[in-house]
Amino acid sequence: MDILVGGFFILFGLGWLIVMGGMYIFGVNTPPDVSLPWYMLVLWIGPGVVTLPIGTFLVIFGLVRSRKKKDAVEDLVKYGVGAKARVTFVDKNFRLLVNQAPIYSIVEFEFRDDKGNLFTGRKDNVNSELVIRNKIEVGSEVDIKYMPGDPSINGLLLVDPRVAARQN
């Protein structure tokens, strides 16, 4: 989301600077013998000067955060320990709706690490179709992976039955 908003701010800022700065430089709507004071330039291009760096910061911040998240998922897949977990809560996530219907579900589960300690995991953005197709409900077992050094870093392993059927 940061990348999208930042991109809009960058485009807005550049557009504003080009249009309004050009109007100031070429003296649009002013008689030829009248020169505009310097503070008019600040007023004309100010919004572009403000939004351009904000947009640049948002894009860079979004890219860095996206990369960290991708690295964490790759580490979990590569170094994570597989386990079985018991589902303790399942519900639709109504924070994001498409055609007034939630596309994500919330799945909460409990599992034990290799030392026998009990941990709880919660995933707020699980594809609702996968939840339905895998028949995930309270009390059912799901496959997960967790990091051995920090079991609070964990992830659900859900298989799309349609893809699994094509592979067999």
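It should be emphasised that the depicted structure is a prediction, and the values quoted were computed from it without experimental measurement. Numbering starts at 1 and runs along the sequence shown.
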Student: Please report the interatomic distance CZ(R133) to CG(L158), rounded to the nearest 0.5 Å.
Tutor: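 Rounded to the nearest 0.5 Å, the CZ-CG separation comes to 12.0 Å.
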
Student: Nearest 0.5 Å please: distance from the CD1 atom of I136 over to the CD atom of E141.
Tutor: 12.0 Å

Student: To the nearest 0.5 Å, how far apart are CG in L17 and CG in L52?
Tutor: 6.0 Å

Student: Got a second to check how far L58's CG is from F8's CZ, nearest 0.5 Å?
Tutor: 12.0 Å

Student: Do you know which two heavy atoms are closest between K145 and V77, and how far apart they sit?
Tutor: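 Closest approach of K145 to V77, heavy atoms only: NZ-O, 2.9 Å.
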
Student: Report, as yes or no, whether the 6.0 Å neighbourhood of atom CZ on F111 holds more than 12 heavy atoms from other residues, nucleotides or ligands.
Tutor: yes

Student: Kindly compute the distance separating NZ (K92) from CG (L97), expressed to the nearest 0.5 Å.
Tutor: 11.0 Å

Student: Relative to the ring of F61, is the ring of F57 parallel (under 30°), tilted (30 to 60°) or perpendicular (over 60°)?
Tutor: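 It falls in the parallel class, under 30°.
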
Student: Give a yes or no on whether I144 and V87 share a hydrophobic cluster (residues Ile, Leu, Val, Met, Phe, Trp, Tyr; joining criterion: side-chain heavy atoms under 4.5 Å apart).
Tutor: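 Cluster IDs for I144 and V87 match.
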
Student: Return yes if some donor-acceptor pair links the side-chain N/O of N117 with the main-chain N/O of D113 below 3.5 Å, else return no.
Tutor: no

Student: Taking the side chain from N93 and the backbone from D124, do they hold a donor-acceptor pair closer than 3.5 Å?
Tutor: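 Checked: pair present.
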
Student: Report the C-alpha separation of M147 and Y79 in whole Å, then their side-chain angles, then the decisive distance to 0.1 Å, and conclude whether the side chain to side chain contact (heavy atoms under 4.5 Å, CB included) test is met.
Tutor: CA-CA 7 Å; M147 291 301 285; Y79 305 114; 4.1 Å; yes

Student: Flag yes if V159 and L157 sit in one hydrophobic cluster, no otherwise; membership is Ile, Leu, Val, Met, Phe, Trp, Tyr, and two members link when side-chain heavy atoms are under 4.5 Å apart.
Tutor: no

Student: May I ask you to decide if E108's main-chain N or O and T88's side chain share a donor-acceptor pair within less than 3.5 Å?
Tutor: yes

Student: Using side-chain contact (heavy atoms from CB on, under 4.5 Å) as the criterion, list what pairs up with D71, not counting sequence neighbours.
Tutor: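 R67, E74.
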
Student: Same cluster or not: are F119 and V126 linked, directly or through other Ile, Leu, Val, Met, Phe, Trp or Tyr residues, by side-chain heavy atoms under 4.5 angstrom apart?
Tutor: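 The answer is yes; both residues are in one hydrophobic cluster.
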
Student: May I ask whether L156 and I106 are part of the same hydrophobic cluster, defined by side-chain heavy atoms of I, L, V, M, F, W, Y residues being less than 4.5 angstrom apart, directly or through others?
Tutor: no

Student: As an exercise, state the distance from OG of S105 to CZ of F94, rounded to the nearest 0.5 Å.
Tutor: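 Output value for this atom pair is 9.0 Å.
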
Student: Is the CZ atom of F89 crowded by more than 12 outside heavy atoms at less than 6.0 Å?
Tutor: yes

Student: Any link between I45 and I10 through a network of hydrophobic side chains (Ile, Leu, Val, Met, Phe, Trp, Tyr) touching at under 4.5 Å?
Tutor: yes

